[in-house]
Amino acid sequence: MKQFSYLTADSFEAASKALTDSGNAVVKAAGTDLLDLLKERIVEPDEVVNLLRVEQASGTGVVSALATLADVAADTAIAEDYPALHKSAAVAATPAVRNFATVGGNLCQHTRCWYFRNESFPCFKRGSAICPPLEKGGQNRYNAVFSHERCASAHPSNLAPALIALGAKVRCVHPEGGRTLSVEELYREPRNGRIGDTVLRKGELIRSVHLEPSALTRNSTYLEFRERHSFDFALVSVAAAVRLEGSKVAEARIVLGAVAPIPYRAKQAEQALTGKALNAETAQAAAEAALAGAQPLSQNAYKVPIAKTLIRRALMELSS
Ligand SMILES: Cc1cc2nc3c(=O)[nH]c(=O)nc-3n(C[C@H](O)[C@H](O)[C@H](O)COP(=O)(O)OP(=O)(O)OC[C@H]3O[C@@H](n4cnc5c(N)ncnc54)[C@H](O)[C@@H]3O)c2cc1C
């Protein structure tokens, strides 16, 4: 690991300023993702800015970026008003990781793509001309089935699809001024030489996540499929939220994780459901619509039927 200096910030503002002023500093929350990247020399900063001592945001509908996944999973108000968020946090990683890993870090974590995480291989995100999973003979069983024209990484976060389905926002801190973004706006398609998946500017930090309870958020869920039952990253995840008026769907939000470089909002499925009764037939039609545009790679076509099944199961769970 390359040597770096270490600064423990006492506020988000101080951390953001230090990051903005520095040549190539990085921010650390719990470090469960960052430490691996430092050890593998994927990230080689001169300075690491530790966030863990700063004051946490709080209030109704506010989740601190420094809340741990265990905090989120244990919060009964979150379980009641935002079941998708509760479930996505409760099944992420291991109990030990959940006790440290933070919400902000979960949203900003990096892809698990083997090629990205091994400096010996080329990687589009790390500046190479090619993305090996897209090349003949490339290993791509865990990679994307959507939006993989130049980079086939799969987005690893459990919380991101859930928060997008819930219409959550993030409040960000930067010396040039704070801003609020929807979690959906937080992400952008991969760009050559940029390893992160967010629109955050140099030094910009997520301070908190903001949610508004509604009939839609209360009728939400999160399901995932993984290889190991004990713990694993999802092969496919689905977050869904449905507002019913009588027996008809008035509004639906369906977001898939681990199938594209950033969380994938299945708008065709949402449209297919809106105005219809929610039953086995319409849930199946929505699942078919969601995956109609999928373009599996040589080894990951299995993700398509799994995604359809998860969508159908999630919608049936929300139908009663
Ligand atoms: C064994 C294992 C299993 C896992 N399984 C899962 C899983 O099933 N599902 C899942 O979703 N995740 C999983 N993870 C990933 C884990 O949830 C994330 O590593 C964790 O949430 C990151 O939080 P952190 O506080 O450790 O972030 P860090 O490692 O400190 O930071 C991660 C990234 O986010 C940036 N960052 C951190 N906080 C902020 C902020 N407030 N504003 C802006 N940028 C910030 C950092 O600079 C860094 O780039 C797993 C991790 C491990 C080690």
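Only a predicted model underlies this, so the values are computations on that prediction, with no experimental measurement involved. Whatever order the structure lists ligands and atoms in, that order sets their numbers, starting from 1. Side-chain atoms are counted along with the backbone in the values below, which use heavy atoms only and exclude waters and symmetry mates.
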Proximity of [X] to ligand 1 by residue part, where a heavy atom lies under 4.0 Å:
X: Val26; value: neither
X: Ala234; value: neither
X: His110; value: side chain

Can you find an N/O atom of [X] closer than 3.5 Å to an N/O atom of ligand 1?
X: Ala30; result: yes
X: Val91; result: no
X: Asn106; result: yes
X: Ser157; result: no
X: Phe12; result: no
X: Leu200; result: no
X: Glu224; result: no
X: Asp232; result: yes

Nearest-contact summary for [atom] - protein heavy atom, Å:
atom: atom 7 (C) of ligand 1; answer: Ala93 N, 3.4 Å
atom: atom 20 (C) of ligand 1; answer: Thr32 OG1, 3.2 Å
atom: atom 15 (C) of ligand 1; answer: Gln109 OE1, 3.2 Å
atom: atom 1 (C) of ligand 1; answer: Phe231 CE1, 3.7 Å
atom: atom 11 (O) of ligand 1; answer: Asn158 N, 2.8 Å
atom: atom 13 (C) of ligand 1; answer: Phe233 CE2, 3.2 Å

For [X] and [Y], test the side chains for any donor-to-acceptor distance below 3.5 angstrom and give the result as yes or no.
X: Thr221; Y: Lys87; result: yes
X: Arg171; Y: Thr180; result: yes
X: Thr111; Y: Asp197; result: no
X: His110; Y: Asp33; result: yes
X: Thr217; Y: Asp81; result: no
X: Glu224; Y: Asn158; result: yes
X: His155; Y: Ser157; result: no
X: Tyr115; Y: Glu135; result: no

### Task
Compare Ser64, Gly105, Ala160 and give the one whose heavy atom is closest to atom 31 (O) of ligand 1.
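Ranked by closest heavy atom to atom 31 (O) of ligand 1, first place is Gly105.
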### Message
For atom 44 (N) of ligand 1, which of the options Ala67, Cys108, Gly31 provides the nearest non-hydrogen atom?
### Response
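It is Cys108 whose heavy atom sits nearest to atom 44 (N) of ligand 1.
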### Task
Take Asn140 and Ser298, measure what side-chain hydrogen bond (donor to acceptor under 3.5 Å, both in side chains) needs, and give me the verdict at the end.
CA-CA 7 Å; Asn140 55 39; Ser298 57; 3.0 Å; yes
So if I count the atoms of ligand 1 from 1 in the order they appear, which ones are less than 4.0 Å from some heavy atom of [X]?
X: Val27; value: 36 (N), 44 (N), 45 (C), 46 (C), 47 (O)
X: Thr102; value: 21 (O), 23 (O), 24 (P), 25 (O)
X: Leu34; value: 29 (O)
X: Leu51; value: 41 (N)
X: Ala29; value: 25 (O), 30 (O), 37 (C), 38 (N)

### Task
Would you please classify the geometry between the Phe146 ring and the Tyr264 ring as parallel, tilted or perpendicular, with 30° and 60° separating the classes?
parallel
### Message
Would you say the rings of Tyr142 and Trp114 are close, in the sense that their centroids are separated by under 6.0 Å?
### Response
yes
### Task
Kindly give the heavy-atom pair with the smallest separation between Arg117 and Leu37, and that separation in Å.
NH1-CD2, 3.6 Å
